[in-house]
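Order of listing sets the numbers, starting from 1, for every ligand and every atom in it. Keep in mind that the numbers below use all heavy atoms, side chains included, and drop hydrogens, waters and symmetry copies. Remember, it's a predicted structure, so these values are computed and weren't measured experimentally.
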Amino acid sequence: MSDAYIALADGRVLEARTRSPGRTRGELVFTTAYTGYEESLTDPSYAEQVLTFSYPLIGNYGVREERFESDSVQPRAAIAREMTDDVAEWLESEGVPAIDHLDTREIVTTVREEGAMACGIAAGEDATPEDAIEEMEACEPMSAHVDIGAGVSVSEPTVHEGGDEATIALLDCGAKGSIISSLTERGADVHVLPYDATPEDVAAVEPDVLFVSNGPGDPENFVAAQEVVDAYAGDLPMAGICLGQQVITSALGGSTEKMSFGHRGVNQPVKDLRTDKVVMTTQNHGYTVADTGPLEVTQVNVNDDTVEGLDSEELDVITRQYHPEANPGPHDSLGFFDEVLELAESRQPVAAD
Ligand SMILES: NC(=O)CC[C@H](N)C(=O)O
């Protein structure tokens with residue numbers, strides 16, 4: 001029995017089964033990851049999006065908090081061909097609508113051909129197709145969420161102790177927990193700062209490295225983070241992952257652009273141009289670097305040639321578009337965090353300009 005509806009911006013309304021009731025809207029995206037549903041559903045980079053799993057069965061190994069990347073479910077809703085009770089109950093307890101028993105291939109091929117699009121969901125006993133359409137029509141584009149960082153960042157500085165190998169100031173634009181633990185496991189103290197921290201807040205930490213995290217939405221809306229990068233360019237080594245790469249590039253004079261449907265999955269091939277080696281990577285992004293500014297491209301996506309890694313020896317910057325922390329995903333690129341620790345060596349903290 002259909003008691004749920006999803007309205008797509010192209011005019012279609014699909015019927016489905018309610019797994020967690022409610023009405024919501026967001027940018028419709030898909031991930032091709034066949035594992036790691038707990039990590040994806042708690043990845044803050046999915047804020048304001050509706051996540052479709054292309055893999056047909058979601059939830060077959062339960063739900064365990066140890067695998068969460070943040071302390072709440074982040075997408076506005078979840079869609080699967082078949083979702084287990086464990087996942088459905090978890091999403092319902094978090095108040096996040098979920099639907100299954102629909103043709104997720106149709107959603108994936110639609111998004112692949114027409115691009116990420118607005119959608120509306122109405123699920124539960126009294127839900128109607130009109131409710132879903134109303135939600136979809138009220139859905140704003142990602143770029144309209146100008147303060148999206150506020151909902152996913154810490155509100156006060158927080159310290160994660162790892163040791164005296166390095167002191168890292170991490171601008172939390174919606175950081176995945178395993179990015180922080182990948183740094184503490186290597187002996188770094190990580191000072192997690194709010195997404196709107198000032199250059200003075202960063203100076204107070206006396207960091208060896210400034211790290212800009214992943215995060216949701218349009219990187220051009222992370223104005224404060226760009227100002228911090230601008231203030232320390234050339235004075236403090238910098239690293240970034242995903243939104244972090246985008247924010248650093250824009251702040252240094254480059255630019256970003258929205259992709260059609262982005263990269264979301266755990267088997268994106270990335271080639272290192274210095275070694276000619278290809279590794280498999282985990283990805284979750286809808287924007288990409290368009291103009292690299294002063295940074296040199298070190299890695300590219302084998303499928304579509306988009307920028308995957310940037311570097312500047314002069315400015316002491318290394319960034320990745322993909323997710324080296326690999327939760328979920330292949331561990332091929334964990335070495336990125338060793339490179340971040342190397343950046344910290346022999347650096348002395350400096351004051352803000
Ligand atoms: N995982 C991320 O940091 C995503 C970055 C950005 N929000 C994008 O979609 O491109």
Side-chain angles (χ1 to χ4, degrees), residues 26-33 36 39-52 69-70 74-76 111 115-118 140-153 170-180 182 192 195 211-226 229 238-251 254-266 268 270 281-292 301 304 306-310 318-329 333 336:
E27 181 184 60
L28 181 62
V29 298
F30 66 85
T31 176
T32 58
E39 292 90 333
S40 295
L41 288 168
T42 53
D43 176 351
S45 295
Y46 281 116
E48 301 296 345
Q49 292 176 321
V50 169
L51 178 58
T52 308
E69 285 292 325
S70 68
Q74 300 288 350
R76 306 276 312 235
V111 169
M117 63 177 70
E140 294 184 306
M142 288 306 281
S143 56
H145 297 285
V146 289
D147 202 21
I148 199 166
V152 289
S153 174
L170 184 140
L171 285 183
D172 178 13
C173 301
K176 287 175 70 184
S178 57
I179 291 180
I180 297 167
S182 296
V192 178
Y195 76 111
F211 195 107
V212 187
S213 82
N214 65 296
D218 185 342
E220 304 307 332
N221 284 332
F222 285 79
V223 177
Q226 291 199 19
V229 171
M238 290 180 195
I241 288 178
C242 210
L243 182 104
Q245 164 163 297
Q246 300 163 353
V247 163
I248 290 173
T249 306
S250 276
S255 65
T256 59
E257 65 189 6
K258 193 154 169 56
M259 302 165 88
S260 169
F261 57 90
H263 296 155
R264 295 178 183 84
V266 294
Q268 289 279 335
V270 167
T281 67
T282 293
Q283 303 210 7
N284 168 21
H285 65 110
Y287 291 82
T288 187
V289 167
D291 174 350
T292 63
N301 190 299
D304 62 8
T306 48
V307 176
E308 295 287 3
L310 290 166
I318 50 168
T319 64
R320 297 289 182 267
Q321 185 58 59
Y322 55 90
H323 284 270
E325 77 283 0
N327 260 20
S333 46
F336 172 72

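- For atom 5 (C) of ligand 1, the closest non-hydrogen atom of the protein is Gly215 O, 3.1 Å.
- Lys176 pairs with exactly one of Glu39, Glu325, Glu69 by the side chain to side chain donor-acceptor pair (under 3.5 Å) rule, that one being Glu325.
- Put simply, part of Gln246 is less than 4.0 Å from ligand 1, judged by heavy atoms.
- Side chains of Glu308 and Gln321: a donor-acceptor N/O pair is absent below 3.5 angstrom, by distance only.
- The distance criterion of under 3.5 Å between nitrogen or oxygen atoms is met by Asn284 with respect to ligand 1.
- Backbone and side-chain nitrogen or oxygen atoms of Ser45 are examined, and one is located within less than 3.5 angstrom of a nitrogen or oxygen of ligand 1.
- Residue, atom and distance of the protein heavy atom nearest to atom 2 (C) of ligand 1 are Cys242 SG, 2.8 Å.
- Backbone and side-chain nitrogen or oxygen atoms of His323 are examined, and one is located within less than 3.5 angstrom of a nitrogen or oxygen of ligand 1.
- Closest protein heavy atom to atom 10 (O) of ligand 1: Tyr287 N, 2.8 Å.
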* Take Met238 and Val229 through the side chain to side chain contact (heavy atoms under 4.5 Å, CB included) test and state the conclusion after the steps. => CA-CA 8 Å; Met238 290 180 195; Val229 171; 3.6 Å; yes

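- In plain terms, the two heavy atoms of Thr281 and Ser333 that are nearest each other are CG2-OG, 4.5 Å.
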* Carefully, step by step, assess His323 and Asp43 under the rule side chain to side chain donor-acceptor pair (under 3.5 Å). => CA-CA 11 Å; His323 284 270; Asp43 176 351; 5.0 Å; no

* Can you check side chain to side chain donor-acceptor pair (under 3.5 Å) on Ser250 and Glu220, steps first, answer last? -> CA-CA 8 Å; Ser250 276; Glu220 304 307 332; 2.8 Å; yes

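- Those atoms of ligand 1 with a heavy atom of Gly286 less than 4.0 angstrom away are 8 (C), 9 (O), 10 (O).
- The shortest N/O to N/O separation between Gly217 and ligand 1 falls below 3.5 Å.
- For Phe336, the side-chain contact (heavy atoms from CB on, under 4.5 Å) partners are Phe211, Ala239, Ile241, Ile318, Arg320, Pro324, Val340, not counting sequence neighbours.
- Near Pro216, the atoms of ligand 1 lying under 4.0 angstrom from a non-hydrogen atom of the residue are 7 (N).
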